[in-house]
Protein chains: 2
Amino acid sequence: MSRPPLSENQLKVYNFLVKSLEGGVPPSVREICQNTGLKSTSSVHAILNTLEENGYIERDPRYSRSIRIAGASATAQVPLIGRVTAGQPILAVHEIVDYIPYAAGSAEGLFALRVVGYSMRDVGIMDGDIVIADKDCVAHSGDIIIGMDGDEATVKRLIIKNGQVIFMPENPDFDPIYPENPAVLGKVVGCYRRY
Amino acid sequence: MSRPPLSENQLKVYNFLVKSLEGGVPPSVREICQNTGLKSTSSVHAILNTLEENGYIERDPRYSRSIRIAGASATAQVPLIGRVTAGQPILAVHEIVDYIPYAAGSAEGLFALRVVGYSMRDVGIMDGDIVIADKDCVAHSGDIIIGMDGDEATVKRLIIKNGQVIFMPENPDFDPIYPENPAVLGKVVGCYRRY
DNA sequence: TAAAGTATAGCACAAATGTTCGATAAAGGC
DNA sequence: GCCTTTATCGAACATTTGTGCTATACTTTA
């Protein structure tokens, strides 16, 4: 993406937009005026047009305050589930510990779990990581999934071989699991770690 | 957090708000009308007041469209830098390729880079992962950092031993780097992966 | 220096938006 | 039944907001 560089005032406006949108509410033209030192709404208006033409922002002329940073992906808040109870629906509201931001159009069907242990070390899923999974996504052999092993949720690679379901770890120190009643809670679509 | 349950229309409005805010722009009262079947702006207005009193949403009376979902963690949009040029400031706007959602109050000083190669495999940072770094954070020996090796940005563990700076990989297949002019762009604070 | 182009300011206006007021309908208690 | 409470509607109003117009200051070019 090669976009023309920004002038001083264009950059001021752009930076204020980024800061404002973090708060959740896009600013109005006059708020931009106050926060950038520009004294005329038409100045801001001209700058916004330039920013839009050059692909820095996106607007919807039908609505007011409808400014978005171009390329900024829509962010869904994915619920982090504290404890997975066998037999209970995953997305029980009272088990939601926190929300994890995730770049997706909608959080529908998505949930997050904290990983315990190093059984998936070799694909870069470490102890303490948070995995994001889609419960509505059909899992195929080879996908990384969240499965139920007894009454414990576990992250493994799903292998289906001759009709036999295997939860395969990605770490030679761990043994494959041959679940008796295999249940797949969701397909892992993302992994998230904080230092 | 024990909040009173929602009536049918209150839930309709709340669900539409959640859906709208994922798109980035809070809706106006009249947009809520159209999408919930409510026929009067004052009906919506009353429902919004109730939702706010009961702690479901937050509003700023000074601005229009300033509705936010209460409790949704503040999400910063961290710029993903396409190419790091030696000597240039990191956060040059025209090098921003994308934005990564990250749970933080502000994206100030934060930037994201795509990882190339497996030199940090053993700490779970894989090829294609996106690391999030803080350029204003003071890095100590032992931290994972983004350093400049010649004119290439690289993710490594920072080791300072007897005054000698070492960029240490976390993979026995790679050799430590002893940079001549060590430069640390930022301390890695997060890692993000999509499948 | 003069001309041309660009950025900004100042103002005006129509549309969008939040809010208020009174009227009507529905629900519940006596 | 009647009264009270609540929810919704319809319309009106003041403010906010986006946009267009012209004028002025500044920069660039010849």
Side-chain angles (χ1 to χ4, degrees), chain A residues 3-70 72, chain B residues 3-70 92-94:
Chain A
R3 301 178 292 193
L6 296 179
S7 73
E8 185 183 354
N9 276 334
Q10 288 169 348
L11 195 61
K12 266 192 204 168
V13 172
Y14 183 80
N15 285 334
F16 176 67
L17 286 178
V18 172
K19 212 174 69 179
S20 281
L21 290 174
E22 279 169 5
V25 182
S28 71
V29 174
R30 281 162 184 82
E31 285 174 63
I32 301 176
C33 279
Q34 292 175 0
N35 286 277
T36 55
L38 288 164
K39 288 170 189 165
S40 171
T41 55
S42 64
S43 310
V44 173
H45 197 249
I47 291 178
L48 288 177
N49 282 335
T50 309
L51 287 177
E52 189 174 22
E53 280 171 20
N54 293 341
Y56 283 95
I57 64 173
E58 290 169 354
R59 283 187 296 175
D60 190 327
R62 286 176 301 177
Y63 308 123
S64 73
R65 289 175 178 267
S66 64
I67 305 176
R68 284 172 304 175
I69 301 295
Chain B
R3 301 178 291 193
L6 297 179
S7 74
E8 184 183 356
N9 276 334
Q10 288 170 348
L11 194 61
K12 266 192 202 171
V13 172
Y14 184 78
N15 284 333
F16 177 68
L17 287 177
V18 172
K19 212 173 69 176
S20 281
L21 290 173
E22 280 173 356
V25 182
S28 72
V29 175
R30 281 162 184 83
E31 286 175 64
I32 300 175
C33 279
Q34 293 176 359
N35 286 275
T36 56
L38 290 164
K39 287 168 188 167
S40 171
T41 56
S42 64
S43 309
V44 173
H45 198 252
I47 292 178
L48 288 178
N49 282 335
T50 310
L51 287 177
E52 188 174 24
E53 281 172 17
N54 293 341
Y56 283 94
I57 64 172
E58 289 167 356
R59 282 188 297 175
D60 190 326
R62 285 175 301 176
Y63 309 122
S64 73
R65 290 176 178 266
S66 64
I67 305 175
R68 283 172 305 176
I69 301 294
V93 184
H94 61 279

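Numbers restart at 1 for each chain; the letters A, B, ... are given by sequence-line order, proteins then strands.
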S.K.: Calculate, to the nearest 0.5 Å, the distance between atoms OH and CD1 belonging to B/Y14 and B/I69 respectively.
M.R.: 4.5 Å
S.K.: Do NZ/NE/NH1/NH2 and the carboxylate oxygens of B/R62 and A/E31 come within less than 4.0 Å?
M.R.: no
S.K.: Using the salt bridge (Lys or Arg N to Asp or Glu O under 4.0 Å) rule, collect all pairs that involve residues 34-51 of chain A, keeping only residues at least two apart or in two chains.
M.R.: none
S.K.: Roughly how far apart are B/L17 CG and B/N35 CG, rounded to 0.5 Å?
M.R.: 10.5 Å
S.K.: Say you draw a straight line from CD1 of B/I32 to CD1 of B/I67; how long is it, rounded to the nearest 0.5 Å?
M.R.: 4.5 Å
S.K.: Identify the heavy atoms of A/R59 and A/L48 that sit nearest to each other, and give their distance.
M.R.: NH1-CB, 3.8 Å
S.K.: Got a second to check how far A/K12's NZ is from A/L38's CG, nearest 0.5 Å?
M.R.: 6.5 Å
S.K.: Between A/D60 and A/S66, which heavy-atom pair has the shortest distance, and what is it?
M.R.: O-OG, 2.8 Å
S.K.: For nucleotides 14-21 of chain C, just jot down a letter per nucleotide in 5' to 3' order: B, S or -, based on protein non-hydrogen atoms under 4.0 Å.
M.R.: ---BBBBB
S.K.: Could you give the NZ-to-P distance, from A/K12 to C/dA7, as a whole number of Å?
M.R.: 15 Å
S.K.: For A/K39 and C/dA7, what is the distance between atoms NZ and P respectively, to the nearest whole Å?
M.R.: 18 Å
S.K.: From the 5' end of DNA chain D to its 3' end, which nucleotides mark the outer limits of contact with chain A, defined by a 4.0 Å heavy-atom distance cut-off (strictly under)?
M.R.: D/dT17 to D/dC21
